[in-house]
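In each ligand, atom 1 is the first atom listed, and ligand 1 is the first ligand listed. Numbers here simply count residues along the sequence, with the first being 1.
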Amino acid sequence: MSPLAATGVLRMEDWLKDDLPDLLWPALVLAEQGNESIRQFTRWQKAVQDGLADHGETGLVAESLDGRLTHLSVLSERLPGAADLVVAEATRYGLLSQNVRRVLNSYPYMPAPWLTRQAEVRPPGLAELESIRDALIGVLEDGHREALLKCLRAWSTVQAGTFRSDAKTIDLLKRYPGDEDTRSAADTAVRAGWGAHRGALAIRDPNHFDEAIKWARVFWGANSMTSRCIRQRETKDENTAGDTQDGNDMNSNCAADFDGDDAAPTPLPVDGAHLRQLTMDLLSSFVEALETAPARLYEKERQEVISGLVARAGRDLIAVLTAPDLWSMEHGAHIVRMLVETKIYLHWMAQQDPSIYRDFQEYGAGKAKLYARISDEVPEEARKAGFQEAIDEFERLSHNHDVFDHRVVDTRDTFADGKSIRTMATEAGLLDFYRQAYSLASGVAHSEWWSVETHAMEPCVNVLHGLHLIPSLSLSYGGNVTLASSWVDQFYSLVRAGLSILDTDEAAVAAAFAWVEAAANDVPPPASA
Ligand SMILES: [Zn+2]
């Protein structure tokens, strides 16, 4: 936690989601008539306050005229006649145009429904949808407009004589919004004060905003029914088409599918075409060096394990290098993990007693026995052809005795008494390598949200939907040659590490890898060749 977060009093809220629907009326008016129309709202506040003065509820009335629909609703319940007065004065000051009333009337369950004076809810047409969009974008893109909206409560309480603040804020507000020199500072103070006041209300009464949030759910839910999600690429298409009217497709039918260039498989990059063959050559030379050098066959487990791990890494890499779609972090993270894990295994095991190689194999044999037992739990009717053969193969791989069941199943997480790969990395001096490469790639493999968000999601650009994320229909373009080359480099380092740990005869290694030295001395051919 940051020190700020640790105070426990900071709460991050989403005012767009929770509060803007409640402030929809003034947001619509500001979008329709411009920022100047905020003065009409302050006149309306004054007129309503004067008209309700006889009730002796100055505080309640002042707080209820902050632009929130839910507060108007409370006011009308508490003071008889308030609703009529609110509508009459709003009409007089031009705050309830035909369009504004039509838009508000397109929502079911709106608080203070008497504001529009229409009994039946009518679904929005294109014009209404565009008005709502303008209202939302207006406050989202214009911080000054947002501040004007959030200043309604201050102005109402100032006029009622119930506003309280420090001298500096009062000084800023006196000249707001007319004075351009202090406007930006005042905007900031207003927005901050609005948030703090909202927080105070929520602490005083945790249920204070229940109705507002209930309405927000309806608002966003209704929008999801009246307009569809829009992807960035569609707005691009629209621009290139040129003749489509703005917003025309907001409620047209959805055609979500993969298409166009985004959907084609990544072609093999010219400068990466050699990587697969190169990896096969490296693996072949690795095997050749081992087979032409004297081997310590008495301790066969050591060479089996090391050569097996290197070969496995090479085979995985060769397969991935046939498919350039996988040459990206989204789809190639498992290769990074596998390469890093193999490197940590090799270096950590090299520091242990040589019996570790035998332990490694025994741990695996135990797992094979476990899998054979688990497979055998499957009921007869669920077994397909070849099922018994699979169990038999696991039995074989468990290297158990037909009569004497000596195979121990170690159910701990790793072959090293359950020691984690991270601990192995620390002990092998590879902790930074682990943290910088393995953990990030693991995040991708385990679907940590940052990875899902960046790889698989995109923002819906229909602002009526409140800026949510939707599944992306663009595939990641693979073919990252730099990334694929780094895998091959990493594999080559595994090959060399394996041979060095095995102490393989230097002459045999030099002979098998002579072509690498020769290639390194060659001038690389031009890319067009
Ligand atoms: Zn959407």
Side-chain angles (χ1 to χ4, degrees), residues 12-25 27-28 30-32 69 99 102-111 121-143 145-146 149 209 212-241 244-263 330 447-477:
M12 298 302 290
E13 302 278 353
D14 185 349
W15 89 278
L16 167 75
K17 191 179 85 176
D18 289 336
D19 303 301
L20 191 49
D22 207 14
L23 294 164
L24 185 61
W25 175 37
L28 280 167
L30 289 175
E32 185 185 73
L69 293 166
N99 181 50
R102 260 205 314 270
V103 172
L104 293 177
N105 203 48
S106 70
Y107 287 97
Y109 308 113
M110 189 188 81
V121 171
R122 287 176 188 214
L126 188 60
E128 286 79 31
L129 289 173
E130 284 182 358
S131 294
I132 304 162
R133 187 184 64 176
D134 293 345
L136 299 179
I137 289 181
V139 283
L140 278 178
E141 290 187 343
D142 181 352
R145 178 171 295 181
E146 178 189 340
L149 197 64
F209 292 105
I213 288 167
K214 210 158 100 185
W215 157 237
R217 284 181 196 282
V218 172
F219 176 78
W220 297 116
N223 288 349
S224 78
M225 319 258 292
T226 53
S227 67
R228 66 173 183 85
C229 291
I230 302 174
R231 291 186 159 75
Q232 191 73 51
R233 66 175 189 189
E234 296 169 56
T235 62
K236 274 185 207 140
D237 292 349
E238 197 174 283
N239 291 343
T240 47
T244 318
Q245 242 188 348
D246 209 17
N248 231 4
D249 60 352
M250 269 209 297
N251 50 4
S252 63
N253 281 333
C254 179
D257 54 11
F258 291 96
D259 58 10
D261 293 342
D262 289 345
E330 179 179 8
S447 305
E448 285 174 5
W449 182 249
W450 65 265
S451 164
V452 176
E453 180 179 338
T454 190
H455 291 131
M457 307 299 284
E458 64 176 305
C460 166
V461 297
N462 179 356
V463 69
L464 269 65
H465 287 191
L467 312 180
H468 68 140
L469 296 174
I470 50 179
S472 169
L473 288 178
S474 305
L475 296 172
S476 278
Y477 191 81

Student: Got a second to check how far N462's CG is from I470's CD1, nearest 0.5 Å?
Tutor: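 Answer rounded to 0.5 Å: 9.0 Å.
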
Student: Determine which of the N, O or S atoms in H468 is closest to the Zn ion (ligand 1) and give its atom name.
Tutor: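 Considering only N, O and S atoms, H468 comes nearest to the Zn ion (ligand 1) through NE2.
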
Student: Vertex the Zn ion (ligand 1): angle to SG of C229 and SG of C460, to 10°?
Tutor: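 Seen from the Zn ion (ligand 1), SG and SG are separated by roughly 110°.
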
Student: Tell me whether Y109 at atom OH has more than 12 heavy atoms from other residues, nucleotides or ligands lying less than 6.0 Å away.
Tutor: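 Atom OH in Y109 is not packed in, count stays at 12 or less.
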
Student: If you check every N/O/S atom of H465, which is the one nearest the Zn ion (ligand 1)?
Tutor: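 For H465, the N/O/S atom sitting closest to the Zn ion (ligand 1) is ND1.
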
Student: Mind checking the CD1-CD spacing from I132 to E128? Nearest 0.5 Å is all I need.
Tutor: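 I132 CD1 to E128 CD: 7.5 Å, rounded to 0.5 Å.
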
Student: Quick one: does any side-chain atom of T454 pair with a main-chain N or O of W450 as donor and acceptor, under 3.5 Å?
Tutor: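 Side chain of T454 to backbone of W450, a donor-acceptor pair under 3.5 Å: no, none is there.
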
